[in-house]
Amino acid sequence: MFRLLGAGLGRALLRAAGRRGRGCWAHLPSGAAGGRAPAVGVPPSRVAPQGGGPGLLPLLAALAWFSRPAAAEEPGAGGAAWDAEEDEAEAEIIRLLKRAKAEKLFKATMSYLLGGGMQQEDNAIIEISLKLASIYAAQNRQEFALAGYEFCISTLEEKIEREKELAEDILSVEEKANTHLLLGMCLDAYARYLLFSKQPSQAQRMYEKALHISEEILGERHPQTIVLMSDLATTLDAQGHFDEACAYVQRASDLARQVGHPELHMVLSNLAAVLMHRERYAQAKEIYQEALKQAELKRDEVSIQHIRKELAELSRKSRSLT
């Protein structure tokens, strides 16, 4: 759920377009956990000349769009002209993405950047690696996904440890914070993968680390922190730690109401689920009904159907007790 680095990634990639030389070989994180994949080459005919050239820029623009922040977290200023410009650019990039699969797009971009001298520990490279790991997870290519996530996390942890004593005139506070947030993004993605893979205890550890980073840098009331509290509660709930799960998700729902969180209905739905597992059915029904109203306001059809299904299950459980 970390979505704060997309714009920075796009800028880094576009800056890198002019740093590229010839000879394009990238070592992508895959294979055994912590290892490296065989080199991935881009044929010379597909390599843009030094200075970037028009061949690479559409790839970088597409990658920047694919990695941009969610709409709810983008600045509101800019006016209709900016929106129209973004809509036009987005339409063109969507057409590009329809012609090129995301995996090939990311690999080609990574090859270009690494071939131009960018280091594997650069934040832009790590975020591309994270995107690839998520693609592999969606494709059920578990060995590649696991290696990708672990590569991103271990590389960032080593980088943070090495750079923590650097003075501000060498590495700014903002740059250090961005690296920490990227680590949080990786931990969050890996935790979701582990939870989906039915490894809740491992997912819990990842969420705890991600939540600590978010609280420290963004603050407790930030939308990202609230979502991570709720997600951590889900992993605790999956392990039967209902009291601890309830404490986290109750705090998350309280904060979500206070800040007008865009995903309030999802947080409330998580709270209701934990309450139902604790057999507090009357309270769970009340929260589910609140979540349903919020989901209807958001016109989130997926959540609406899920909540209605949970309400039906809750009704069945309640009848079985009478």
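Just so it is clear, the model here is predicted, and its values are computed rather than measured.
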- CG/D231 to CZ/R192 distance, rounded to the nearest 0.5 angstrom? 7.5 Å
- Note on the structure: Smallest heavy-atom separation, L194 atom then M206 atom, equals CD1-CG, 3.8 Å
- Item | By ring pair (Phe, Tyr, Trp, His ring centres under 6.0 Å) - contacts of Y288 (at least two apart) | none
- Could you give all pairs that pass the salt bridge (charged side-chain N to carboxylate O under 4.0 Å, His left out) test and reach residues 109-121, with sequence neighbours left out? E121-R162
- Should I128 and M118 be regarded as members of a common hydrophobic cluster, given that ILVMFWY residues are connected when their side-chain heavy atoms come within less than 4.5 Å of each other, either directly or indirectly? yes
- Item | Cluster companions of L195 among Ile, Leu, Val, Met, Phe, Trp, Tyr (side-chain spacing under 4.5 Å) | none
- Item | Transitive ILVMFWY cluster of I287, excluding itself - 4.5 Å side-chain cut-off | V249, L264, L268, L271, V274, L275
- Same apolar cluster (I L V M F W Y, side chains within < 4.5 Å links), F242/Y281: no
- Chi angles and distances behind the side chain to side chain contact (heavy atoms under 4.5 Å, CB included) call for K159, L183: CA-CA 10 Å; K159 179 179 179 180; L183 175 59; over 6 Å; no
- Query: Got a second to check how far E310's CD is from S315's OG, nearest 0.5 Å?
  - Reply: 12.5 Å
- Main-chain N/O of K107 paired with S111 side-chain donor or acceptor, under 3.5 Å: yes
- Message: Using a 3.5 Å distance criterion without hydrogens, assess whether the side chain of Q119 forms a donor-acceptor pair with backbone atoms of G117.
- Response: yes
- Task: Would you check, one step at a time, whether the test side chain to side chain donor-acceptor pair (under 3.5 Å) holds for D254 with Q250?
- Result: CA-CA 6 Å; D254 291 344; Q250 183 68 65; 3.2 Å; yes
- Would you list the pairs meeting salt bridge (charged side-chain N to carboxylate O under 4.0 Å, His left out) in which at least one residue belongs to residues 282-294, sequence neighbours left out? R257-E290
- Under the salt bridge (charged side-chain N to carboxylate O under 4.0 Å, His left out) rule, what pairs show up with a residue in residues 235-248, not counting sequence neighbours? D243-R278
- Between I217 and I126, is there a shared hydrophobic cluster once you connect ILVMFWY residues whose side-chain heavy atoms come closer than 4.5 Å? yes
- Tell me, with the steps shown, if Q204 and E208 meet side chain to side chain contact (heavy atoms under 4.5 Å, CB included). CA-CA 6 Å; Q204 177 188 337; E208 287 171 344; 2.9 Å; yes
- d(S269 OG, I304 CD1) to nearest 0.5 Å is 12.0 Å
- What do the steps show when you test E157 against K209 for side chain to side chain contact (heavy atoms under 4.5 Å, CB included), and what is the final call? CA-CA 11 Å; E157 287 178 338; K209 292 179 180 180; 4.1 Å; yes
- Query: Is the CD atom of Q258 crowded by more than 12 outside heavy atoms at less than 6.0 Å?
  - Reply: yes
- Inter-residue atom distance T155.OG1 - I125.CD1, 0.5 Å rounding: 11.5 Å
- Is it the case that more than 12 heavy atoms not belonging to H212 sit under 6.0 Å from its NE2 atom? no
- Query: Can you name the nearest heavy-atom pair linking A295 to I307, along with the distance?
  - Reply: CB-CD1, 4.1 Å
- Let me see the working for M229 and L255 under side chain to side chain contact (heavy atoms under 4.5 Å, CB included), right down to the final yes or no. CA-CA 10 Å; M229 284 182 191; L255 290 168; 3.8 Å; yes
- Item | Listed partners of S172 passing side-chain hydrogen bond (donor to acceptor under 3.5 Å, both in side chains), at least two apart | E175
- Message: Please enumerate all residues that pass side-chain hydrogen bond (donor to acceptor under 3.5 Å, both in side chains) together with R205, with sequence neighbours excluded.
- Response: none
- Note on the structure: Scanning both residues in full, the closest heavy-atom pair of A124 with D122 reads N-OD1, 2.9 Å
- Message: Going by side-chain hydrogen bond (donor to acceptor under 3.5 Å, both in side chains), name the residues that satisfy it together with S230, two or more places apart in sequence or in a different chain.
- Response: N270
- To the nearest 0.5 Å, atom CG of L113 lies from atom CE of M110 at 8.5 Å
- Task: Might you point out which heavy atoms bring A252 and I226 nearest each other, and give the distance in Å?
- Result: O-CG2, 3.4 Å
- Please assess N140 against Q142 for the test side chain to side chain donor-acceptor pair (under 3.5 Å), listing each intermediate value before the final yes or no. CA-CA 5 Å; N140 203 30; Q142 297 183 5; 3.1 Å; yes
- Note on the structure: Connected to I170, directly or through other members, by ILVMFWY side-chain contacts below 4.5 Å are L166, L171
- Query: When clusters are formed by joining ILVMFWY residues with side-chain heavy atoms under 4.5 Å apart, either directly or through shared neighbours, do M266 and L232 land in the same one?
  - Reply: no
- Would you name the heavy atoms of Q239 and P200 that are closest together and state the gap between them? NE2-O, 3.5 Å
- Task: Check whether any side-chain N or O of K176 sits under 3.5 Å from a backbone N or O of K164 as a donor-acceptor pair, and report yes or no.
- Result: yes
- So which pairs with a foot in residues 191-210 pass ring-ring contact (aromatic ring centres under 6.0 Å, His included), sequence neighbours left out? Y149-Y193
- Message: If you compare all heavy atoms of P223 against all heavy atoms of H261, which two are closest, and at what distance to 0.1 Å?
- Response: O-NE2, 3.0 Å
- Using the test side-chain hydrogen bond (donor to acceptor under 3.5 Å, both in side chains), find all partners of Y190 that sit at least two apart in sequence or belong to another chain. E150
- Query: When rounded to the nearest 0.5 angstrom, what is the spacing between NE2 in H180 and CG in L187?
  - Reply: 11.0 Å
